[in-house]
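Predicted model only: the values in this text are computed from it and were never measured.
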Amino acid sequence: QVQLVESGGGLVQAGTSLRLSCAASGRTFRVYAMGWFRQAPGKEREFVAAITWSGGTGYYADSVKGRFTISRDNAKNTLYLQMNSLKPEDAAVYYCAATGSRGLVLLASAYGYWGQGTQVTVSS
């Protein structure tokens, strides 16, 4: 079992930055591949970014590529999402997730552990 708690969301203006964090506890964090997903009102949850268990490889949705960076610090049991050049369409509840797989995992259904989410609001 692993427990995940997101933080760092808030209200920002378009063009600015935010860094989300996801603190993990429970079983050894470093064995899990991780991902970020988001869900806007009235929309389905969508993939944002994923990272391997080692942190060596990341993968991004086209909508955030070049603006967002996923990273992890296994010594601190923490996953990050650096979000730059935010757009109003980035507004959503952002969730971190963990899976027992070690490679990149893009499907939400493959993740067994989820945080409670953190709200990101972007004003134009």
(request) Over all heavy atoms of both residues, which pair between A92 and Q39 is shortest? Give the atoms and the distance, please. (result) CB-O, 3.4 Å
(request) Check V2 against A24 and note the closest heavy-atom contact, atom names and distance. (result) CG2-CB, 4.0 Å
(request) Using modelled atom types only, decide if a donor and an acceptor are shared between the side chain of T99 and the backbone of S101 within a distance under 3.5 Å. (result) yes
Please output the side-chain donor-acceptor pairs of residues 80-88 that fall under 3.5 Å, not counting sequence neighbours, one pair per line with the distance.
| from | atom 1 | to | atom 2 | distance (Å) |
| --- | --- | --- | --- | --- |
| Q82 | NE2 | N84 | OD1 | 2.9 |
| N84 | OD1 | S17 | OG | 2.9 |

(request) For residues L4 and Y113, report the shortest heavy-atom separation together with the two atoms involved. (result) CD1-O, 3.6 Å
(message) Listing request: all disulfide bond (SG atoms under 2.5 Å apart) pairs with a residue in residues 47-124, at least two apart in sequence or in separate chains.
(response) C22-C96
(request) Sorted by first residue and then second, give each disulfide bond (SG atoms under 2.5 Å apart) pair with at least one member in residues 33-67; sequence neighbours left out. (result) none
(request) Run through the side-chain heavy atoms of Ile, Leu, Val, Met, Phe, Trp and Tyr, join any pair under 4.5 Å, and report what else lands in L106's cluster. (result) F37, F47, Y59, V93, Y95, L104, V105, Y111, W114
(message) Starting from L107 and following side-chain heavy-atom contacts under 4.5 Å between hydrophobic residues (I, L, V, M, F, W, Y), which residues can be reached?
(response) none
(request) Looking only at non-hydrogen atoms, find the nearest pair between N74 and N77 and report the distance. (result) O-OD1, 3.1 Å
(request) Would you name the heavy atoms of G35 and L79 that are closest together and state the gap between them? (result) O-CD2, 4.0 Å
(message) Would the distance check show the side chain of Q13 and the main-chain N or O of S123 forming a donor-acceptor pair, the cut-off being under 3.5 Å?
(response) no
(request) Enumerate the residue pairs fulfilling salt bridge (Lys or Arg N to Asp or Glu O under 4.0 Å) with a member in residues 53-71, sequence neighbours excluded, ordered by first and then second residue. (result) D62-K65, R67-D90
(request) Scan for disulfide bond (SG atoms under 2.5 Å apart) pairs involving residues 35-70, sequence neighbours excluded, and state none if there are none. (result) none
(request) Kindly state each residue pair satisfying disulfide bond (SG atoms under 2.5 Å apart) with at least one member in residues 46-77, sequence neighbours excluded. (result) none
(request) Look up atom CD in Q1 and atom OG in S25, then write down how far apart they are to the nearest 0.5 Å. (result) 10.5 Å
(request) Provide the full list of salt bridge (Lys or Arg N to Asp or Glu O under 4.0 Å) pairs with a residue in residues 105-124, sequence neighbours left out, each pair given once. (result) none
(request) Would you mind listing every salt bridge (Lys or Arg N to Asp or Glu O under 4.0 Å) that reaches into residues 44-60, with sequence neighbours excluded? (result) R38-E46
(request) Could you tell me which non-hydrogen atom of A49 sits nearest to which non-hydrogen atom of Y60, and how far apart they are? (result) CB-CD2, 3.6 Å
(request) Starting at OG1 of T52, measure out to CD1 of I70 and round the result to the nearest 0.5 Å. (result) 9.0 Å
(message) Which residues pass the salt bridge (Lys or Arg N to Asp or Glu O under 4.0 Å) test with E89, not counting sequence neighbours?
(response) none
